[in-house]
Amino acid sequence: MFPEVPSKVDFPALERRILRWWDETNAFGKLVEKNRGKKRWSFIDGPITANNPMGVHHAWGRTFKDLYHRYKAMQGHEMRYQNGFDGQGLWIEVEVEKELGFSSKRDIEDYGIARFVEKCKERVHKFADIQTQQSIRLGYWMDWDNSYHTMSDENNYTIWLFLKTCHDRGWVYKGRDVLPWCPRCSTAISEHEIVTEGYQELTHPSVTLRFPLLGRDGESLLVWTTTPWTLSSNVAAAVHPDVPYVKVRQDGNYYYLARAATSRLHEGYEVAQELYGAEMEGWTYEGPYDELPAQQSVQHRVVFWDEVSEAEGTGIVHIAPGCGQEDFELGKEHDLPAIAPLDEFGVFREGFAWLSGTNVADSAEPIFEDLRRKGLLYDVEDYTHRYPVCWRCQSELVFRLVDEWY
Ligand SMILES: [Zn+2]
C-alpha cells in the first residue's frame with residue numbers, strides 16, 4: 001500500500017532537494033503573492049552582526065523567526081520579510097584592525113580614517129553575503145534582496161538627527177566622571193559591557209606601603225593597593241569611624257592599621273595603642289608622590305568612609321578620585337581634588353615627572369622600586385582577584401577621569 005521508505009536518510013541531500021524545489025517552483029514568491037494586500041504582520045528583524053560567518057546560536061534564533069513567519073503567512077498575513085545586518089561598532093573595527101595588523105587607534109589615524117571605514121564596510125558586505133547564503137541554506141524565507149543595513153546613510157543621518165534633537169531640547173549634557181576605560185581601544189566601556197562578559201580572574205602584585213603622618217614623628221598609616229599606578233594620584237586615606245584600629249610598633253616605626261588586619265604585618269610587632277577610626281579625624285600625611293608637579297598644592301588627609309572594610313587590606317584605603325569611581329564619589333563628598341594621571345592610551349601624562357610617558361601596564365615594578373628607595377614600601381605580594389577587562393580585546397581596563405556626553 002505504501003512505497004518503501006529507506007531506513008537511512010541523507011538529510012543534507014533531502015534539504016537540498018527541497019531547497020531546489022522551492023527555487024524551481026518559486027514557492028516563496030507565490031506565498032508573497034498569495035498574501036499581498038491582506039492584513040499585515042510586521043516582524044522587524046533585529047540585525048545580525050555581519051562580522052563573521054553565522055554560528056549555531058544564530059541558526060537557533062533564525063529558525064524560530066522563520067517558524068513565526070511561516071505560521072503567520074499560513075494564517076494569511078502580508079509579511080514584511082526584511083532581514084537586517086548590523087555593521088556598526090567596534091566588533092568590526094577590532095577585526096579589521098587585526099586583519100591590517102594594527103595595535104592602536106594611532107595606527108588607524110596613520111592609515112586614514114576614511115580608508116579604514118571603507119575597509120570596515122567591505123568586511124560587513126562580505127559577511128552579509130556569507131550570512132545570506134548560510135540563511136538560505138538553512139531554509140530561512142526572507143526577502144533577501146531587500147535587507148537593511150544599520151550602516152546605511154539613511155540610518156546614520158536618522159541617528160544624528162535624533163541626537164541633534166535631544167541636544168536642542170537640552171536632554172544631553174557633558175559631564176565629568178571616572179569611567180572604566182580600555183587603553184588599547186581608547187574608549188570608555190559601559191557598566192553593562194563589564195557586567196555581561198568583562199571580568200577575569202587575574203593576579204596582580206599588590207603593595208602595602210606607609211604614608212608618614214605629619215606632626216607625628218615616626219608614625220605612619222599603613223595602606224594597601226592592587227593598583228600601584230593610582231598612588232601617583234593619591235589625595236586622601238579613608239578610615240571607617242567605627243572600626244577599631246591599632247597603633248603597632250615594629251623595628252622602631254609606628255604603624256596604624258585596622259585591628260582585624262594585623263595578620264598582614266611582618267613577624268614581631270607590639271600593639272602600642274588601640275583607637276577607633278573616628279579618632280584619626282583631621283590627621284594629615286605625606287603623600288607617596290608629593291614631589292610630582294601634578295601633586296603640588298594637595299593636602300593629604302584622613303577622611304571617613306562607611307565603605308571601608310576592616311576585612312580588606314589594612315582597613316585604611318588609599319583614595320585617588322581621578323582613578324576610581326568610588327573614590328571619585330567620595331572625593332565629591334569631601335571636596336577632594338581629582339588628579340587624572342592617564343591619557344587615552346593609558347600612558348602617564350605630563351606632570352608626573354619620571355612616570356610621564358610610561359604605560360600603565362609597565363608601571364608597577366618601577367613604582368615599587370621608587371617606593372622602596374623612598375623607604376615607604378612595606379610589602380609586595382601577588383593578589384588574585386576578579387578584574388575588569390575589555391570584552392573586545394581582553395586588555396585590562398583602567399579607570400579614567402573623562403568628560404563624556406550623557
Ligand atoms: Zn579594548
Side-chain angles (χ1 to χ4, degrees), residues 201-214 216-240 243-275 277 280 283-292 295 300 302 305 307-320 323-324 326-327 341 354-355 358 360-387 396 398:
E201 193 97 332
L202 293 173
T203 300
H204 289 117
S206 71
V207 59
T208 307
L209 73 159
R210 63 186 190 91
F211 289 170
L213 288 160
L214 295 173
R216 290 173 175 269
D217 221 15
E219 300 185 6
S220 300
L221 302 172
L222 216 49
V223 300
W224 174 81
T225 180
T226 57
T227 49
W229 63 274
T230 62
L231 290 168
S232 64
S233 306
N234 170 273
V235 300
V239 299
H240 194 299
V243 160
Y245 288 82
V246 287
K247 171 181 170 182
V248 301
R249 185 188 152 91
Q250 185 170 58
D251 302 330
N253 295 306
Y254 287 98
Y255 301 121
Y256 289 89
L257 74 166
R259 191 170 65 194
T262 47
S263 59
R264 292 200 156 261
L265 292 168
H266 302 150
E267 297 269 302
Y269 64 88
E270 56 189 76
V271 175
Q273 189 193 340
E274 301 213 6
L275 70 166
M280 300 188 200
W283 289 10
T284 54
Y285 63 90
E286 214 177 282
Y289 284 97
D290 281 356
E291 75 280 10
L292 298 180
Q295 279 279 358
H300 298 85
V302 173
W305 191 23
E307 296 298 313
V308 172
S309 157
E310 54 188 330
E312 202 177 82
T314 61
I316 302 178
V317 180
H318 130 70
I319 302 295
C323 307
E326 291 177 318
D327 298 39
W354 61 274
L355 273 167
T358 304
V360 62
D362 308 321
S363 66
E365 277 310 320
I367 287 172
F368 296 154
E369 198 39 57
D370 185 62
L371 294 172
R372 197 171 284 128
R373 201 174 44 74
K374 289 170 173 167
L376 298 177
L377 192 91
Y378 186 83
D379 211 358
V380 174
E381 192 176 36
D382 278 346
Y383 182 70
T384 302
H385 53 164
R386 283 180 79 235
Y387 192 84
E396 293 178 21
V398 292

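Fair warning: this is a prediction, and the values are worked out from it, not measured in the lab.
- Interatomic distance, Q250 CD to E267 CD, rounded to the nearest 0.5 Å: 9.5 Å.
- D379 is not listed as a side-chain neighbour of V207, based on a closest heavy-atom distance of 4.5 Å or more.
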Practice item. Check the pair V317 / V223 against side-chain contact (heavy atoms from CB on, under 4.5 Å), numbers first and verdict last. Key: CA-CA 6 Å; V317 180; V223 300; over 6 Å; no
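- For the atom pair R210 CZ and L222 CG, the distance stands at 9.5 Å (nearest 0.5 Å).
- Side-chain contact between W229 and D362 is absent, with no heavy-atom pair separated by less than 4.5 Å.
- The side-chain heavy atoms of E310 and P244, taken from C-beta on, include a pair separated by under 4.5 Å.
- When the shell of 6.0 Å around CG of D217 is examined, it contains 12 or fewer heavy atoms from other residues, nucleotides or ligands.
- Minimum heavy-atom separation, V239 to G277: CG2-O, 3.8 Å.
- Taking CE of M280 as the reference point, atom NZ of K247 lies at 10.5 Å (rounded to 0.5 Å).
- The NE2 atom of H385 sits 6.5 Å away from the CG atom of L202 when rounded to the nearest 0.5 Å.
- Closest approach of P205 and V380 over heavy atoms only: CB-CG1, 4.2 Å.
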Review point. Does the pair H240 and Y245 meet the rule for a ring pair (Phe, Tyr, Trp, His ring centres under 6.0 Å), with working shown?
Key: CA-CA 9 Å; H240 194 299; Y245 288 82; 8.6 Å; no
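- Using a 4.5 Å heavy-atom threshold, the side chains of L371 and P288 count as touching.
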Exercise for review: Evaluate side-chain contact (heavy atoms from CB on, under 4.5 Å) for T226 paired with Y387, printing each intermediate quantity in order.
Suggested key: CA-CA 10 Å; T226 57; Y387 192 84; 5.8 Å; no
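- Using a 4.5 Å heavy-atom cutoff, the side chains of H318 and T230 are in contact.
- Between E286 and K374, no side-chain nitrogen of the basic residue sits less than 4.0 Å from a carboxylate oxygen of the acidic one, so the salt-bridge criterion is not met.
- Taking all atoms of both residues into account, the shortest heavy-atom contact from H266 to Y378 is N-OH, 2.8 Å.
- Residues C323 and V398 fail the side-chain proximity criterion, which asks for heavy atoms closer than 4.5 Å.
- Of all heavy-atom pairs spanning L355 and S232, the tightest one is CD1-CB, 4.1 Å.
- Partner F211 forms a side chain to side chain contact (heavy atoms under 4.5 Å, CB included) with one of I316, L231, V302 and no other, that one being L231.
- The shortest heavy-atom contact between G313 and W224 is CA-CE3, 3.4 Å.
- In this structure, W305 and I319 have side chains that are in contact, with non-hydrogen atoms separated by less than 4.5 Å.
- Here the NE2 atom belonging to H300 is positioned 5.0 Å from the CG atom belonging to D290, to the nearest 0.5 angstrom.
- Atom-to-atom distance recorded for T208:OG1 and L265:CG is 9.0 Å, nearest 0.5 angstrom.
- Across all their heavy atoms, A258 and G315 have their closest contact at CB-CA, 3.9 Å.
- Of the options Y254, Y256, Y255, W283, a side chain to side chain donor-acceptor pair (under 3.5 Å) to E219 is made by Y256 and by none of the others.
- For the 3.5 Å distance criterion, the side chains of N234 and Y285 qualify, holding a donor opposite an acceptor.
- By the 4.5 Å heavy-atom criterion applied to side chains, R259 and V271 are not counted as neighbours.
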